[in-house]
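In this text the structure is predicted, and so the values were computed from the model without any measurement.
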Amino acid sequence: MSEVPRLALLSRPDRRLGAIIRAMAYKNVFIFALFFRLTVAIAAPPLIAIDVGHGGKDGGATSARGLPEFAFNQEFAGVLAGVMRERGQDVREINFAGDIGSLIARPVAAAGSDFFISIHHDSIGEAWLKPWLWEGTEQTYTEVKRGYGIFVSAQNPDPETSLRCASSIGAMLRRAGFVPSTWHGRKHLAADAENGVWYYDNLVVLYRTTLPAVLFEAGVIKHRDEEIELADPERQARMADALATGIAGCLFVTGKSAPE
């Protein structure tokens, strides 16, 4: 005798009940799938555009030991991008190869991102430089300026978010043991001096953009001791972690991202 299908053994009411149960199950699966997709969309990480300052024929400032600023910018931007990706944040690399000469082209390349940060390393005016010999070559250095600086522009299309993120970054840097430079107060109005944030309204990469943006000076490469510190991988990782934390916290507050 052939096996009778199980559904054939059910009464008509039982079959109807089974159909209803299956329909409800399919509906629940659909609702769960829809909820999951919405949750993923809401929790999608922000897209951070990281710009490497200078490059190409413009190497930027020269360090106390004769190295171009671009090399420092490129290395630290790579560390920062790596830290952000490890944390699940999305990164858009701008000028990492040093092939974008136009300052206007950089924020254009960042369009569609949630935040823009331009990475730099600082110098100082000629009047504050002293001569010295490094490996047989005459170089210059300073002893009066060191520390990080963060710049925002009041001409940025979203100055409130720019300043909020700058202050958040500065607070995380200070918490990690980094000290802001007070030197910028000689030329720039304070936006949040305690956290090392200053107004620099006419910086092209800050005001020729559609995004909240900051320019970050990681330190002073004309200071002989700080130049060595800025090239230290452990210090770079610690500083990058502070930046990534500050940016993520700021964008969460502004609704650009959701907690993990």
Side-chain angles (χ1 to χ4, degrees), residues 45-54 60 69-96 106-107 110 113-122 146-153 156 158 161-181 184 191-198 200 203 205-206 209 211-221 226-227 229-254 256-257 259-260:
L47 177 59
I48 311 301
I50 302 176
D51 167 57
V52 178
H54 302 287
E69 179 193 347
F70 175 74
F72 289 88
N73 298 343
Q74 185 183 47
E75 185 171 66
F76 181 69
V79 174
L80 177 59
V83 168
M84 286 186 163
R85 287 179 173 131
E86 287 175 2
R87 291 168 149 224
Q89 295 172 315
D90 291 335
V91 173
R92 176 172 289 168
E93 297 181 355
I94 308 293
N95 195 44
F96 270 52
R106 300 182 187 203
S113 305
D114 294 300
F115 187 74
F116 179 93
I117 179 168
S118 187
I119 303 299
H120 288 257
H121 288 71
D122 215 354
R146 64 175 297 160
Y148 74 83
I150 308 170
F151 294 96
V152 295
S153 172
N156 180 273
D158 190 352
T161 301
S162 299
L163 179 54
R164 184 183 296 112
C165 287
S167 292
S168 179
I169 292 169
M172 290 300 101
L173 286 167
R174 290 176 56 236
R175 183 176 180 180
F178 296 102
V179 179
S181 173
H184 302 296
D192 178 3
E194 182 180 13
N195 289 314
V197 184
W198 308 88
Y200 200 154
L203 284 173
V205 293
L206 297 187
T209 180
L211 313 173
V214 303
L215 186 144
F216 177 63
E217 299 275 9
V220 182
I221 54 176
E226 189 163 44
E227 178 189 7
E229 294 168 8
L230 288 164
D232 177 63
E234 186 279 330
R235 185 186 192 276
Q236 291 174 342
R238 189 161 50 89
M239 176 170 272
D241 183 73
L243 262 69
T245 302
I247 293 171
C250 165
L251 295 181
F252 172 60
V253 169
T254 60
K256 295 292 186 180
S257 63
E260 297 180 359

Is there a donor-acceptor pair under 3.5 Å between the side chain of N156 and the backbone N or O of L211? yes
Yes or no on side chain to side chain contact (heavy atoms under 4.5 Å, CB included) for Y148 and R174, after CA distance, side-chain angles and deciding distance? CA-CA 10 Å; Y148 74 83; R174 290 176 56 236; 3.3 Å; yes
Heavy-atom nearest pair, A218 first then L230, reads O-CD2, 3.6 Å
Grab the two heavy atoms, one from C165 and one from F115, that are nearest each other, plus how far apart they are. CB-CE1, 3.5 Å
Donor-acceptor contact below 3.5 Å, side chain S168 vs main chain R164: no
Smallest separation among heavy atoms of P45 and D90, with atom names: CG-OD2, 3.6 Å
Main chain of F96, side chain of Q74: is a donor-acceptor contact present, judged purely on distance under 3.5 Å? yes
Between CZ of F70 and NE2 of H120, what distance do you get to the nearest 0.5 Å? 11.0 Å
N/O donor-acceptor pair under 3.5 Å between T161 side chain and D158 backbone: no
Show your working on ring-ring contact (aromatic ring centres under 6.0 Å, His included) between H184 and Y200 and close with a plain yes or no. CA-CA 10 Å; H184 302 296; Y200 200 154; 9.0 Å; no
Are the side chain of E226 and the backbone of G147 linked by a donor-acceptor contact shorter than 3.5 Å? yes
Minimal heavy-atom distance between A191 and L163, with the atoms involved, is CB-CD1, 3.6 Å
Rounded to the nearest 0.5 Å, what separates atom CD1 in I119 from atom CD in E75? 12.5 Å
Are the side chain of T209 and the backbone of V205 linked by a donor-acceptor contact shorter than 3.5 Å? no
Look up atom CE in M84 and atom OG1 in T245, then write down how far apart they are to the nearest 0.5 Å. 9.0 Å
If I take atom CD from residue E227 and atom NE2 from residue H121, how far apart are they, to the nearest 0.5 angstrom? 10.0 Å
Specify whether F216 and F76 have parallel, tilted or perpendicular ring planes, treating 30° as the upper limit for parallel and 60° as the lower limit for perpendicular. tilted
Spacing of CD1 belonging to I117 relative to CD1 belonging to I94, to within rounding of 0.5 Å: 13.0 Å
Please check: side-chain N/O of E217 versus main-chain N/O of D122, any donor-acceptor pairing under 3.5 Å? yes
Would you check if the side chain of N73 reaches a backbone N or O of G53 as a donor-acceptor pair within less than 3.5 Å? yes
Is the backbone N or O of V52 less than 3.5 Å from a side-chain atom of R106, with the two atoms forming a donor-acceptor pair by type? yes
Could you give the distance from CD1 (I48) to CD (Q89), rounded to the nearest 0.5 Å? 6.0 Å
Heavy-atom pair of closest approach, residues I150 and L173: CD1-CD1, 4.3 Å
Take atom CZ in R85; do more than 12 heavy atoms of anything else shown fall under 6.0 Å from it? yes
Any sub-3.5 Å donor-acceptor pair from R238's side-chain atoms to A176's backbone N or O? yes
F116 side chain near R92 side chain, heavy-atom distance below 4.5 Å: no
Please report the closest heavy-atom contact between W198 and A193, naming both atoms and the distance. CH2-CB, 4.1 Å
